[in-house]
Amino acid sequence: MDEELQQLEAELKQLCPRTVSPDLRQRLARELEPLVRPRWVWTALPIAAALALLLTLNRSDHEVPTAAAPAVVQTTTRPTAEVYRPVSVENVLYASEDEGIVTLENGARVHRVREAYVDTVTWRNPQTNASLRWSVPREEVRVVPVYFQ
Amino acid sequence: MADASSHDSWKEWFQLHGPKLLLCARQWTRSLADAEDVVQEAFVRFWRHQRGLAGEPQALLITSVRRAAIDLARRNDRRQRREEQADEPEPFFEPLAEGDDRRQAIESALRRLPAEQREVLTLRIWGECTFDEIARQLDIPLNTAASRYRYALSALRRELTAADCHG
């Protein structure tokens, strides 16, 4: 590359991309801030759970069966609201490596491409509108046999 | 690009890299508002689910931004075409304290470049991607990425020289 183009390249690097608008920052904050909980929550939650467990155990120790207690245990199950259905599946390709022609252990020559994805599946409970999202990394290796004539 | 998993605060990380991501997004969208939408979508997904993954976060984020931009374009193609004709383009860069005419001339020349050259130039200069990373992002051969970059720089130089000559 000639010197003039290098100077232009250096000049372009001096230009600063426009800063992000306060509106976009606020939108990101609305989405990301609820993930950060105050530190006291992490201490208080286990204590509250332990207290609830203790109270429950304490009550069950002191419960005396009464004559009015039902003799038949109800076994019918009520329809549960915890039914999640998959509503979307998304695959993001974030890396792709073309390894070219390679020779496999069996001697076959193949063209191999290695791709890395993140798969995200979202489930939603149509009754409560609660949603659950699950993201997993996945590597896909495509092998195409190559024949030379 | 700095390691995102070592940052506790998204604000700190976004402060450093948000403007670059937004500029890249603008190469694939028709307006600043759309670019902000796709950056928001990609960044939230990255920060919540992907920042702990191995690999270069920049490549992952730019891929994610590009994919979101393509999806948005498919969804809103007709509506955006109408809006595009009405809107004034928003500047790509911060104004310069001195010599802002030059910045405007560069920006104007940049907008006239063919889209495939402009995206390579943007990813290389402001996205700080290597040619290898650009080739992977755009699914083109490495030599094509490098030659598009050279063509873009040459075309910019021609435009800017012509602009200088015409005052």
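Every chain is numbered from 1 and lettered A, B, ... according to where its sequence line falls, protein lines coming before strand lines.
- Contacts between B:L96 and chain A at a heavy-atom distance below 4.5 Å involve the side chain alone, from C-beta outward.
- Note on ring orientation: taking the six-membered ring where Trp is involved, the planes of B:F43 and B:F46 are tilted (angle from 30° to 60°).
- The backbone N or O of B:Q137 sits less than 3.5 Å from a side-chain atom of B:R66, completing a donor-acceptor pair.
- Judged by distance alone, with hydrogens and angles left aside, the side-chain atoms of B:R148 form no donor-acceptor pair with the main-chain N or O of B:R118 at under 3.5 Å.
- Heavy-atom distances place both the backbone and the side chain of A:V92 under 4.5 Å from chain B.
- Shown here is A:R85, whose CZ atom has no more than 12 heavy atoms of other residues, nucleotides or ligands within 6.0 Å.
- Interface summary for chain B: among A:A95, A:P137, A:S135, the most heavy-atom pairs under 4.5 angstrom belong to A:S135.
- Interface remark: B:S154 contributes backbone and side-chain atoms alike to the contact with chain A (heavy atom separation under 4.5 Å).
- Using a 4.5 Å cut-off between heavy atoms, A:E11 contacts chain B through its side chain alone, with no backbone atom that close.
- For A:E139, the CD atom is densely surrounded, since the number of other residues' heavy atoms within 6.0 Å is greater than 12.
- Relative orientation of the B:F131 and B:Y149 rings is perpendicular, given thresholds of 30° and 60° on the angle between their planes.
- For the options A:D98, A:L93, A:T120, heavy-atom pairs under 4.5 Å to chain B are most numerous at A:L93.
- With a 4.5 angstrom heavy-atom cutoff, B:I106 touches chain A only via side-chain atoms.
- Interface summary for chain B: among A:Q14, A:E90, A:E97, the most heavy-atom pairs under 4.5 angstrom belong to A:E90.
- By the neighbour-count criterion of 12 heavy atoms within 6.0 Å, atom OH of B:Y151 is sparsely surrounded, having that number or fewer from other residues, nucleotides or ligands.
- Within the cation-pi definition used here (under 6.0 Å to the ring centroid, within 45° of the axis), A:R18 does not qualify as a partner of B:F93.
- Interface remark: A:T19 contributes backbone and side-chain atoms alike to the contact with chain B (heavy atom separation under 4.5 Å).
- For a residue to count as touching a neighbouring chain, one of its non-hydrogen atoms must lie under 4.5 Å from one of that chain's; by this rule B:R157 touches chain A with backbone and side chain alike.
- Residue-environment remark: CZ (A:R133) stays at or below the threshold of 12 foreign heavy atoms within 6.0 Å.
- Taken to the nearest 0.5 Å, the OH atom of A:Y84 stands 5.0 Å off from the OG1 atom of A:T128.
- With chain A as the partner, the residue from B:L22, B:D37, B:L160 showing the most heavy-atom pairs under 4.5 Å is B:D37.
- The contact between A:R25 and chain B is made by backbone and side chain atoms together, counting heavy-atom distances below 4.5 Å.
- Of the residues considered (B:R150, B:Q50, B:R103), B:Q50 shows the highest number of contacts with chain A, using heavy-atom pairs under 4.5 Å.
- In this structure, chain A has no heavy atom under 4.5 Å from any part of B:D139.
- With a threshold of 4.5 angstrom between heavy atoms, B:F92 approaches chain A through N, CA, C or O but not through any side-chain atom.
- Contact of B:L153 with chain A is made through backbone and side chain together, with heavy-atom distances under 4.5 Å.
- The pair B:R67-B:D71 fails the salt-bridge criterion, with no side-chain N (NZ, NE, NH1 or NH2) lying under 4.0 Å from an Asp/Glu carboxylate O.
- Proximity to chain A involves both the backbone and the side chain of B:Q40, based on heavy atoms less than 4.5 angstrom apart.
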